Amino acid sequence: MDFIIAAVVEAVKHLYQTDITADAINLQETRKEFEGQVTIVTFPFTKFSRKSPEQTGAEIGEYLKANLPEVAAFNVIKGFLNISIADSYWLNQLYTEILPDTFAVAKPNGKKVMVEYSSPNTNKPLHLGHVRNNLLGFSVAQILDAAGYEVIKANLVNDRGIHICKSMLAWQLFGNGETPESTGEKGDHLVGKYYVIFDKEYKKEIEFLKFEGQTDEEAKKNAPLIKQAQEMLLKWEAGDEEVINLWKTMNTWVYDGFGKTYNALGVAFDQFYYESNTYLLGKDIVEEGLAKGVFFTKEDGSVWIDLTADGLDEKLVRRSDGTSVYMTQDLGTAQLKYDDYKMNESIYVVGNEQDYHFKVLFLILQKLGKTWAQGLYHLSYGMVDLPSGKMKSREGTVVDADDLINEMEQTAKEQTEALGKVDGFSEEDKQHLYHTIGMGALKYFLLKVDPKKRLLFDPNESVDFQGHTGPFIQYTHARIKSVMSRAGVDYADKIDIQELSAVERDLIVILTQFPAIINDAAKEYSPAVIANYIYELAKIYNKFYHEKSILQAEDESLKKFRLQLSAASAKVISKGMGLLGIEVPERM
RNA sequence: GGUCCCAUAGCUCAGCUGGAUAGAGCAACUGAUUUCUAAUCAGUAGGUCUCAGGUUCGAAUCCUGAUGGGAUCACCA
C-alpha cells in the first residue's frame, strides 16, 4: 500500500503546499462496518488545509481518485477517508504476488542470528515450562528464517553441578543398578526419580538432625547426603574416573529421553553446547575486565563490577577462591558463541525470572567493549502458572511434558472418533493424525499468547479443539484440501474475473498481508503475531466456504478462480502454521 | 524495602508507532446440514479497558501517582 501513502504525500503537497513525510501518514485497515479497504486518518492534515476534517478528507480523496487508477471510490466519515481499491488491483495481487511460489519467501538479508533455547538441566524430565520455552524458541527460529536470516538453533545443556550429583548419588545408594532397559522407564524420568529420592532422603536427615538439636540451617549444611553430593562434585571436577563414568552413563539416559521428547515436540537444534565444557570459560574475560579496569578486586580476592551508576548493584564475577559463578560462565559462553559464528544477533530464550541476570550480562559485555554485545537480546517469556500457583518440581506440582503430550494425543483421538472422521485411515495414519491434532492444539494454545505474558494452564480443563484453536485452523486446511482434491479441473491459469464479492475481496486482502506479518513477528520475536493472523485468515476462509459454492460455482471460470483462492489460502495457512511448528493435515 | 513486569466481557486472550460505536474464542441462549468435511457458519446477550490525575482535536494505548498480582535483589544456576 506504499503507493497510496506516496500519493497522499503528493496530494498534500499539491493541495496545501506542504511537504510531509511518509511516516506522518496513518494508514490503517478500514473497519468492517464501512465501505473500503484502507483508511487514512485526516485529522493531522487539518493544520495544513485549514479546513474541516471532512472537507480535507474529501479533497484528498478526489485527488487520489483522479490520479490513481487503483482507487475506485472513496467515502469520508468524520476524519476518516475510506478508500476502495479497485478489484483489478486485488486480482493482480493474487496472480502476481500470492499465487507464485515466491510468495512470502524472503530474500536472504545477509544477517546471521543465533537462537538459544531449551537449555535443560540433566537431572529431571522436561515439564510444561520447558515446553513453552522449546516451542517459542523453535518458532522464533522459523520466523527469523522466513524473514531472511541465517539461523543457528543452539541448546546450552546444563549437564553438570550439584543437582546432577544429587541424582547420581541417590542412584548409587538406592538404585540397585536400575537402568532404563531394566525398568522400561524413559531415561530422563528414571534420573528424575532419583533426584526426587535424594530430596526425600535428604529431608529425612535434616529432620533427624533437627531432632538432635541442630538448627534448620545447620541441619541443611551437615546432613550426610548433601556432604556426599558435594564430595562427588569435587571428584567430578577432579576427573575421578568412577564418578565421570557414572555421570556419562546417566547423562546418556537423559539425552535419550530428551531426544524422544524433542522429537514429539518437533523441535531440533544445530548446535549443542555443554556446560561441562564451558563452565571454566570466562576466566580470561575476568582477567580482561581487570586489566581494563572494568572489574575490581575486594580484599578477600573476589572480583566484582560496580553497576550502581547504571541503577543496578555490585555484581560478583569471580569467587574469592578463584572459581566461576553463573555470570562468569555466561560471559565466557557468550564469547565462545560469537567466536564460533560471528553472528549479528544472538537471542536467549529464557524465562523472565532471569531478567536481571541478562540485563547485567549484556551490560558487562558492553562495558568490556564487545561491539557484538549490541546484538544480544533476552527473549524473556512469562512463566506458566497453574491455578494453584507456580510449578515446583520438588513439590511434585509439575505438568510433565511427556504426560501432557500423551494426554493431548488421547484427547485428539477421542474427539476424532466421536466425530467419526477416520474412515479409510490406516492405523498408522490414525496415530499420526492424533499426534498432529493433539500437538496442534497444545502448540497453538501456548503460542497464541504474547510471549511476554504469563500463562495460566489448568490441567483439569482440557485444551480446546474448537474456536480460536489449532485444530480449527487445521480443520480449515483439511477442508480446503478436500475441495481441491475433488476439483477435477486444471486451474493453473489466470482467470479473467470482473468483479469480486465482499468475502473474496476480504480473503485476497488478508492474504496479501502475510509477508508483512512475518516481518512484524520477526521484529517482535513473537509467534503470537503469526498465530492470530492465521486465525483471522482461517475465519475469513470459512466464511467464504460457507457463502460461496466452489465446485458448483455459477460458471467454470468462477469455479477455477475460487479454487485458486482456496489453494492460496491453504498455502498461507500451511506455511504460517509451519512457522509455529504446527503440521496441518490433508484430511481430518 | 529497592528494581523490573503485568492488570481489557464470568473465563482465556487480540487490540500495530495515540484515531471511528474496544474485538475474538470458551461458557449461556437462538438459528443453519437433500448442496464442496457442522472440529463449521449466522445471530442474541455480556465492558466505568483496576482507580485517580495529566498531555492531546482525540487515550485501552503516552506521562505521573495509587491499588492489586507476579518476578528479582546469593561467593545457587
Side-chain angles (χ1 to χ4, degrees), chain A residues 23 26 28-34 39 41-44 46-47 53 77-80 82 121 158 160-163 275 279 298 300-304 311-313 315-327 329-330 351-357 359 380 382-383 385 389-390 412 415-416 418-419 421 437 441 445 448-450 452-458 461 464-476 478-487 516-517 520 524 528-529 531-532 535-536 538-539 542-543 545-553 559 562-563 566 587-588:
Chain A
D23 53 338
N26 190 328
Q28 52 190 275
E29 262 183 84
T30 304
R31 296 178 66 122
K32 282 194 216 80
E33 57 265 44
F34 304 106
T39 293
V41 183
T42 59
F43 287 106
T46 55
K47 303 196 239 305
I77 294 163
K78 292 195 264 183
F80 300 89
N82 303 317
N121 290 349
N158 185 358
R160 65 162 288 279
I162 189 73
H163 44 283
E275 284 198 15
Y279 82 106
K298 287 194 177 175
D300 61 1
S302 56
V303 180
W304 298 73
L312 305 171
D313 302 314
K315 188 80 189 174
L316 178 84
V317 294
R318 193 174 73 192
R319 291 194 185 98
S320 52
D321 63 7
T323 58
S324 301
V325 288
Y326 183 39
M327 188 59 75
Q329 280 180 53
D330 267 10
N352 63 12
E353 55 195 352
Q354 295 198 40
D355 283 356
Y356 184 73
H357 173 76
K359 213 177 195 174
S380 162
M383 298 286 102
D385 290 326
K390 209 179 163 179
Q415 298 269 334
T416 307
L419 291 166
K421 293 220 174 181
I437 297 174
F445 177 80
K448 78 171 176 185
V449 316
D450 189 323
K452 293 194 292 288
K453 295 197 173 174
R454 61 189 272 267
L455 198 70
L456 189 76
F457 182 87
D458 189 345
E461 235 173 87
D464 277 329
F465 283 62
Q466 270 146 25
H468 189 182
T469 67
F472 168 88
I473 296 167
Q474 292 175 317
Y475 173 72
T476 307
R479 233 182 184 187
I480 297 174
K481 285 295 175 164
S482 170
V483 174
M484 285 168 69
S485 70
R486 288 162 196 262
I517 292 291
D520 282 357
E524 293 175 41
V529 170
N532 287 304
Y535 173 63
E536 286 303 319
K539 259 204 313 192
N542 279 320
K543 189 185 164 91
Y545 180 93
H546 200 260
E547 281 183 16
K548 303 293 172 188
S549 184
I550 298 163
L551 299 179
Q552 309 300 321
K559 170 177 166 180
R562 286 178 182 162
L563 280 163
S566 299
R587 289 193 296 159
M588 70 182 269

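Throughout, protein chains are lettered first and strands after them, A, B, ... in sequence-line order, and every chain is numbered starting at 1. This is a predicted model, so every value here is computed, not measured.
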Does the structure show a Watson-Crick or G-U wobble partner for [N], both distances under 3.5 Å? Name it, or say none.
| N | value |
| --- | --- |
| U35(B) | none |
| G68(B) | C6(B) |
| A14(B) | none |
| U44(B) | A28(B) |
| G1(B) | C73(B) |

Output yes when at least one side-chain N/O atom of [X] is less than 4.0 Å from OP1 or OP2 of [N], else no.
| X | N | answer |
| --- | --- | --- |
| Ser549(A) | U35(B) | no |
| Lys543(A) | A42(B) | yes |
| Lys421(A) | A39(B) | yes |
| Arg31(A) | G23(B) | yes |
| Lys453(A) | A7(B) | yes |
| Arg454(A) | A7(B) | no |

Heavy atoms only, 4.0 Å cut-off, all strands: where does [X] land among base, sugar-phosphate and nothing?
| X | value |
| --- | --- |
| Val41(A) | base |
| Asn82(A) | base |
| Arg587(A) | base |
| Lys539(A) | sugar-phosphate |

Original post:
How about Asp464(A) and Thr469(A): does a side-chain donor come under 3.5 Å of a side-chain acceptor?
Top reply: no
Original post:
Any side-chain donor-acceptor pair under 3.5 Å between Asn352(A) and Arg454(A)?
Top reply: no
With respect to the side chain of [X], which nucleotide from [options] is positioned closest?
| X | options | answer |
| --- | --- | --- |
| Asp313(A) | C36(B), A77(B), C73(B) | C73(B) |
| Tyr356(A) | G25(B), A77(B), U72(B) | U72(B) |
| Ile550(A) | A14(B), C36(B), A24(B) | C36(B) |
| Glu353(A) | U72(B), G25(B), G19(B) | U72(B) |
| Asn158(A) | A14(B), A77(B), C26(B) | A77(B) |

Could you give the distance separating [M] and [N] at their [atom1] atoms, to the nearest angstrom?
| N | M | atom1 | answer |
| --- | --- | --- | --- |
| G46(B) | A24(B) | P | 14 Å |
| U21(B) | A7(B) | P | 24 Å |
| G2(B) | C13(B) | P | 29 Å |
| U3(B) | G65(B) | P | 10 Å |
| A38(B) | C57(B) | C1' | 49 Å |
| A52(B) | U67(B) | C1' | 11 Å |

**OP:** Could you pick out which residue, Asp321(A) or Phe472(A), lies toward the 5' side of RNA chain B when each is mapped onto its nearest nucleotide?
**Re:** Phe472(A)
Subject >> Thr39(A) vs Lys359(A), nearer the 5' end of RNA chain B by closest nucleotide >> reply: Lys359(A)
**OP:** For Gln552(A), look at atom CD and say whether over 12 heavy atoms of other residues, nucleotides or ligands are found less than 6.0 Å away.
**Re:** no
Original post:
Once you round it to whole Å, what is the distance between P of A77(B) and CE of Met327(A)?
Top reply: 11 Å
**OP:** Anything under 30° is parallel, anything over 60° is perpendicular, the rest tilted; go ahead and classify Phe43(A) against Phe80(A).
**Re:** perpendicular
Original post:
Aromatic ring centroids of Phe465(A) and Tyr475(A) under 6.0 Å?
Top reply: no
